[in-house]
Amino acid sequence: MDYLKIEGKNRLKGSVTIDGAKNAALPLIAATILSKRSVTIDNLPPVNDIFTMLKLLENLGAEYRFKDNKATIDTTSINNTTAKYDIVRKMRASILTLGPLLARFGTCEVSLPGGCAIGQRPIDLHLKALEMMGAKIEIKQGYVIAKAPNGLKGATIVFDKITVTGTENIVMAAALADGESRIINAAKEPEVVQLCEVLNDAGIKIEGIGSDELLIRGSDRELLDIKDFTVIPDRIEAGTYLCAGAITNSCITLKKVNHAHLVSIILKLQEMGYDFEIEKEQITIKPASRIKAFRISTTEYPGFPTDMQAQFMALSLIAKGTSTIEERLFENRFMHVSELNRMGANITLNNHIATIDGEAKLYGADVMATDLRASSALVLAALIADGVTKVHRIYHLDRGYVKLEEKLQKLGAKIERMRE
Ligand code: EPZ
């Protein structure tokens with residue numbers, strides 16, 4: 001297995017280009033199941049989760065070509081509606097095929113995704129919503145067996161909790177349902193917005209895009225004319241590089257970003273004392289004269305994103321004073337704490353609240369990545385640690401970050417990928 005070897009204490013400089021958003025691309029690839037013709041998607045991030053989703057569609061009978069971050073996907077040849085365990089277990093976002101497969105074919109079997117390091121990750125809200133639309137749902141031998149032989153019916157769905165992929169699944173199901181669906185307490189992340197916009201451009205009338213209430217007029221199982229499109233920039237990758245600039249107190253520029261998706265992250269960094277230059281599609285972060293401690297409570301969009309919690313925990317280690325971070329979305333998203341403490345941090349946990357002493361003296365160490373965003377937090381801490389850090393199990397990183405070590409090397413970090 002590969003690991004990253006990082007020598008700390010290097011300032012960064014220069015610019016880094018942000019790739020397409022993994023969490024926008026995954027539902028959009030699944031949405032091609034609803035299309036009557038092949039669709040070309042541009043600005044796909046070449047990360048493992050994307051290839052897993054493309055492979056899953058291929059297993060169902062679809063065809064795709066992938067070249068230069070562009071995929072042309074033809075799902076007209078799908079002849080199988082079972083998303084098998086050995087693929088789904090690799091990536092829980094495979095559950096995003098459930099809504100479109102059921103809506104188009106009236107029957108499908110999708111392996112239960114199971115939990116992951118950060119939590120249980122149930123899909124009860126997805127299933128309850130599909131039942132409201134007339135589906136018969138059974139759980140058998142680890143599979144969701146969903147049936148709607150006469151198609152799905154438009155319905156009013158109230159999500160008890162805001163769920164990103166739950167909203168995406170139901171938006172895709174509603175797109176082919178008979179009649180109008182109303183989704184109340186919908187997620188409004190930019191990734192959900194782009195899915196709605198692509199379906200709207202394909203002729204599905206969706207009102208309330210970007211709000212927590214969506215009105216979707218379904219096509220009654222008529223396949224859609226989905227137009228080719230380009231995936232939005234990855235706001236979490238962008239936030240991670242802003243943290244790389246911040247933690248090393250450097251001046252770096254991010255290119256191909258959409259700063260409107262980064263408001264809560266930029267405001268938190270400004271509160272800490274960092275300065276910014278914001279232009280059309282690029283952001284420059286500039287050093288802070290005094291880096292202040294902060295309080296964070298992770299919240300659904302447009303609040304502070306849970307996917308940036310680990311990265312800001314690393315950043316809090318250099319702040320003056322004590323910071324606190326409350327993780328409200330996931331029950332176990334503090335796996336990076338013990339690894340950061342092994343590097344010399346002093347972080348204490350009390351249920352869902354982490355208290356972090358600033359001005360920590362960090363030493364390089366062997367550390368273990370546990371999940372995608374925790375891995376990037378360990379890399380950030382390694383950038384300022386005294387000595388060499390080895391981050392092991394970086395297959396977690398490769399799921400969601402494009403060429404992380406190459407991009408950081410170009411910014412002046414001493415980082416390289418090694419073989420165990
Ligand atoms: C999406 O996961 C993202 N993944 C996650 O990003 C992100 O952390 C999360 O949204 C929150 O923003 C993708 O978009 C592929 P949820 P998702 O359903 O949809 C509970 C990353 O790092 N819940 O919004 O699975 C759930 O347990 C990944 O890129 C139910 O109880 O998250 C959690 O507490 C990690 N029942 C909360 O809702 C359900 O049926 C939010 O989960 C569904 C969710």
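Read the numbers this way: they start at 1 and go in the same order the structure lists the ligands and their atoms. Only heavy atoms go into these numbers, but all of them, side chains included; no hydrogens, no water, no symmetry mates. Only a predicted model underlies this, so the values are computations on that prediction, with no experimental measurement involved.
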For V164, take its heavy atoms, then give the atoms of ligand 1 lying under 4.0 Å from any of them.
-> 1 (C), 10 (O), 12 (O), 16 (P), 18 (O), 19 (O), 24 (O)
Which bit of M91 gets closer than 4.0 Å to ligand 1, counting heavy atoms only: side chain, backbone, both or neither?
-> neither
Drop me the distance from L101's CG to L60's CG, to the nearest 0.5 angstrom.
-> 5.5 Å
To which protein heavy atom is atom 20 (C) of ligand 1 closest, and what is the distance rounded to 0.1 Å?
-> K161 NZ, 3.9 Å
Could you tell me whether Y85 and Y143 have their ring centroids closer than 6.0 angstrom?
-> no
Ligand 1 to E331 polar contact by distance, N or O atoms, under 3.5 Å = no
Using a distance-only test with no angle check, is there a side-chain donor-acceptor pair under 3.5 angstrom linking E109 and T81?
-> no
In a table with atom names and distances, give each donor-acceptor pair under 3.5 Å that connects a side chain of residues 204-215 to protein atoms at least two apart or in another chain.
{"from": "S211", "atom 1": "OG", "to": "G208", "atom 2": "O", "distance (Å)": "2.7"}
{"from": "S211", "atom 1": "OG", "to": "E213", "atom 2": "N", "distance (Å)": "3.1"}
{"from": "S211", "atom 1": "OG", "to": "E213", "atom 2": "O", "distance (Å)": "2.9"}
{"from": "E213", "atom 1": "OE2", "to": "R182", "atom 2": "NE", "distance (Å)": "2.6"}
{"from": "E213", "atom 1": "OE2", "to": "R182", "atom 2": "NH2", "distance (Å)": "3.0"}

Which heavy atom of K188 sits nearest a heavy atom of Y301, and at what distance?
-> O-CD2, 3.4 Å
The closest protein heavy-atom partner of atom 41 (C) of ligand 1 is I162 O, 3.8 Å
Taking the non-hydrogen atoms of K128, is any one of them nearer than 4.0 angstrom to ligand 1?
-> no
What atoms of ligand 1 come closer than 4.0 angstrom to any heavy atom of R373?
-> 21 (C), 22 (O), 29 (O)
I318 side, atom CD1; M272 side, atom CE - distance, nearest 0.5 Å = 6.0 Å
What residue and heavy atom of the protein are closest to atom 27 (O) of ligand 1, and at what distance?
-> P122 CD, 3.3 Å
Calculate, to the nearest 0.5 Å, the distance between atoms CD and CD1 belonging to E191 and I236 respectively.
-> 7.0 Å
Carefully, step by step, assess R221 and D178 under the rule salt bridge (charged side-chain N to carboxylate O under 4.0 Å, His left out).
-> CA-CA 7 Å; R221 297 180 91 174; D178 172 13; over 6 Å; no
T306 heavy atoms within 4.0 Å reach ligand 1 at atoms 8 (O), 11 (C), 12 (O)
Parallel, tilted or perpendicular, as decided by the 30° and 60° cut-offs, for the rings of F66 and F51 | perpendicular
What protein heavy atom is closest to atom 2 (O) of ligand 1, reported as residue, atom name and distance in Å?
-> R121 NH2, 3.4 Å
Tell me which part of E191 gets within contact of ligand 1: side chain, backbone, both or neither, using heavy atoms under 4.0 Å.
-> neither
Do we get R373 above Y401's six-membered ring, with its NZ or CZ under 6.0 Å from the centre and within 45° of the axis?
-> yes
Considering only protein heavy atoms, which is closest to atom 40 (O) of ligand 1, and at what distance to one decimal place?
-> L125 N, 2.8 Å
Starting from atom 18 (O) of ligand 1, locate the nearest protein heavy atom and write down its residue, its atom name and how far away it is, to 0.1 Å.
-> T163 OG1, 2.7 Å
Nearest 0.5 Å please: distance from the CD atom of E416 over to the NZ atom of K5.
-> 5.0 Å
Can you tell if the side chain of V110 reaches within under 4.5 Å of the side chain of T97, non-hydrogen atoms only?
-> yes
For ligand 1, which atoms have a heavy atom of I123 less than 4.0 angstrom away?
-> 39 (C), 40 (O)
Among N169, N23, L96, which one has a heavy atom closest to atom 3 (C) of ligand 1?
-> N23
G166 near ligand 1, heavy-atom distance under 4.0 Å?
-> no
Which protein non-hydrogen atom lies closest to atom 17 (P) of ligand 1, naming both residue and atom, and how far is it?
-> T165 OG1, 3.6 Å
Short side-chain to backbone donor-acceptor contact, D228 and T40, under 3.5 Å = yes
Taking only heavy atoms of R333, which atoms of ligand 1 are found under 4.0 Å from at least one of them?
-> 8 (O), 22 (O), 35 (C)
Nearest neighbour in protein (non-hydrogen) for atom 9 (C) of ligand 1 = F330 CZ, 3.9 Å
Let me see the working for T324 and T355 under side-chain hydrogen bond (donor to acceptor under 3.5 Å, both in side chains), right down to the final yes or no.
-> CA-CA 5 Å; T324 56; T355 304; over 6 Å; no
Per-residue contact class, H126 against ligand 1 - non-hydrogen pairs under 4.0 Å | both
Name the option, out of T298, L329, D307, D124, that contains the heavy atom nearest to atom 21 (C) of ligand 1.
-> D307
Any N or O of I118 that comes nearer than 3.5 Å to an N or O of ligand 1?
-> no
Any N/O pair L372/ligand 1 closer than 3.5 Å | no
